Amino acid sequence: MARLAQTAGLTDVQQEILATVRDFVDKEIIPVATGLEHRDEYPQAIVDGLKELGLFGLMIPEEYGGLGESLLTYALCVEEIARGWMSVSGIINTHFIVAYMLKQHGTPEQRDHFLPRMAAGEIRGAFSMSEPGLGSDVSAITSKAVRDGDEYVLNGQKMWLTNGGTSSLVAVLVRSDEGHPEGTAPHKSMTTFLVEKEPGFGEVRPGLTIPGKIEKMGYKGVDTTEMIMDGLRVPADRVLGGVTGRGFYQMMDGVEVGRVNVAARGCGVAQRAFELGVRYAQQRHTFGKPIAHHQAIQFKLAEMATKVEAAHAMMVNAARKKDSGERNDLEAGMAKYLASEYCKEVVEDAFRIHGGYGFSKEYEIERLYREAPMLLIGEGTAEIQKMIIGRRLLEEYRFQG
């Protein structure tokens, strides 16, 4: 698609990166995505290709071996990758969130130790907030860390880890009451730990178990898991930033990046759905002409394209706001909310355009129809986004009366 979702003001370097990623998506991802997805097969060859392109180090500073690019560049790359297969964008998203948190909040020693290997793709990152009983209510976390000499002992069960099996570094948020008296607000008694582990399933290090993959209706290929900590010992120098009690703020900073990512994924999936819908509408004939010539279908295509364009604009705005160093939780929440909702609607319209064939696994739209719902809940549900948006609006438009 040369017309929709264009981004003004990009540098020559950004345009070159995006052209390279777009070419990779068209040649290496789209032709194999549906087959891999139906087999729920990890796309190792695609991941190796992304590693060769240097995408695992896209936002990591050059001093650590990365490309030192902006969140906007990253988001536009994610948009292209999700257009090919959303699961692949999920593989790099959690990696980037952990790398971003290390860059922003890690100690110099932590950055020196992890970021060069993350830039090279040798270490793959995952992050963990959610637990089986809490969903988006992060303040209800029950997993706990207790100090024992030069180590902390972690116990608890975490849920919904993307890359839980394939990762070798997990940033995990737990409660740590050390130095925080009783009655301290929950978000002020949480700490992020950097947990190194072996890739795979089962007991991946003493005290840490990654059970098998969670079976999902969509978003296949990428592994989504639980994580069970039972007497897991972590050195004190693996507290992110070296100080306890800052984990909630560190994670929320990372989640803002993640919400821009989810918005970009929604844009990419919606773009692909539009491409499939507009192409099929010109191939399918009814009543003696292509269905694209029927006004009802033209109306649908017009609505789809407008939604693609609007979601892309909001995603770009949220990324640029974060890159400027300004607070962007309002813009990220709006972008994530709008892009995921519009993605669902555009995919459904493309599905309707395909008629009965959209229900067949032979057609790519069937896969997109199962993938789009994940974006409605990933990185916070629509209801959570609206709560964030509403609170921020009241801050900005506080009535002085």
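For clarity, every value in this text was computed on a predicted model and none was experimentally measured.
Panel note: side chain Arg117, backbone Ala119; no donor-acceptor pair is recorded below 3.5 Å. No donor-acceptor pair closer than 3.5 Å links the side chain of Asp223 to the backbone N or O of Lys213. Checked by atom type and distance alone, the side chain of Thr225 never pairs as donor or acceptor with a backbone atom of Gly212 at under 3.5 Å. Judged purely by atom type and a 3.5 angstrom limit, Gln250 uses its side chain to pair as donor or acceptor with the backbone of Leu240. A side-chain donor-acceptor contact under 3.5 Å links Thr94 to the backbone of Gly125.
Salt bridge present: Asp253 and Lys322 bring a charged side-chain N and a carboxylate O closer than 4.0 Å. A salt bridge links Arg22 to Glu80: one of the charged nitrogens lies within less than 4.0 Å of a carboxylate oxygen. Using a 4.0 Å cut-off between charged side-chain N and carboxylate O, Glu37 and Lys220 make no salt bridge. Ionic pairing of Asp150 and Arg233 is not present here: no N-O contact between side-chain nitrogen and carboxylate oxygen is shorter than 4.0 angstrom. Arg238 and Glu196 are joined by a salt bridge, as a carboxylate oxygen and a charged side-chain nitrogen come within less than 4.0 angstrom of each other.
Cation-pi geometry between Arg124 and Phe56 is met: the NZ or CZ atom falls under 6.0 Å from the ring centre, inside 45° of the normal.
Between Tyr280 and Tyr357, the ring-plane angle classifies as tilted under the 30° and 60° cut-offs. The aromatic rings of Phe351 and Tyr369 sit parallel, their planes meeting at an angle under 30°, below the 60° perpendicular limit.
A 4.5 Å side-chain heavy-atom check between Asp237 and Glu109 finds every atom pair outside the cut-off.
Of all non-hydrogen atoms in Thr192 and Ala171, the two that sit nearest each other are CG2-CB, 4.0 Å.
Atom CE in Met227 sits 9.5 Å away from atom CD in Glu131 (nearest 0.5 Å). Here the OG atom belonging to Ser70 is positioned 7.5 Å from the CE atom belonging to Met59, to the nearest 0.5 angstrom. For the atom pair CD1 (Ile46) and CH2 (Trp85), the distance works out to 6.0 Å, reported to the nearest 0.5 Å. Atom-to-atom distance recorded for Phe274:CZ and Ile353:CD1 is 8.5 Å, nearest 0.5 angstrom. Note: Glu203 CD to Ile228 CD1 = 11.0 Å, rounded to the nearest 0.5 Å. Atom CG of Asn163 and atom OG of Ser168 lie 10.0 Å apart (nearest 0.5 Å).
The side chain to side chain contact (heavy atoms under 4.5 Å, CB included) test applied to Arg391 returns Met387, not counting sequence neighbours. Remark: Arg272 engages Glu275, Glu364 in a salt bridge (charged side-chain N to carboxylate O under 4.0 Å, His left out) (not counting sequence neighbours). Contacts of Thr209 classified as side-chain hydrogen bond (donor to acceptor under 3.5 Å, both in side chains), with partners at least two apart in sequence or in another chain: none. Scored by the side chain to side chain contact (heavy atoms under 4.5 Å, CB included) test, Val243 finds Arg246 as partners (sequence neighbours excluded). With sequence neighbours left out, Gln157 forms a side-chain hydrogen bond (donor to acceptor under 3.5 Å, both in side chains) with Glu226.
The side-chain contact (heavy atoms from CB on, under 4.5 Å) test with Met229 singles out one residue from Asn155, Val234, Leu208, and that residue is Leu208.
Crowding of Glu395 atom CD: a count of heavy atoms from other residues, nucleotides or ligands under 6.0 Å exceeding 12.
Among residues at least two apart or in separate chains, side chain to side chain donor-acceptor pair (under 3.5 Å) pairs with a member in residues 303-313 are Thr7-His312, Glu79-His312, Lys307-Glu345.
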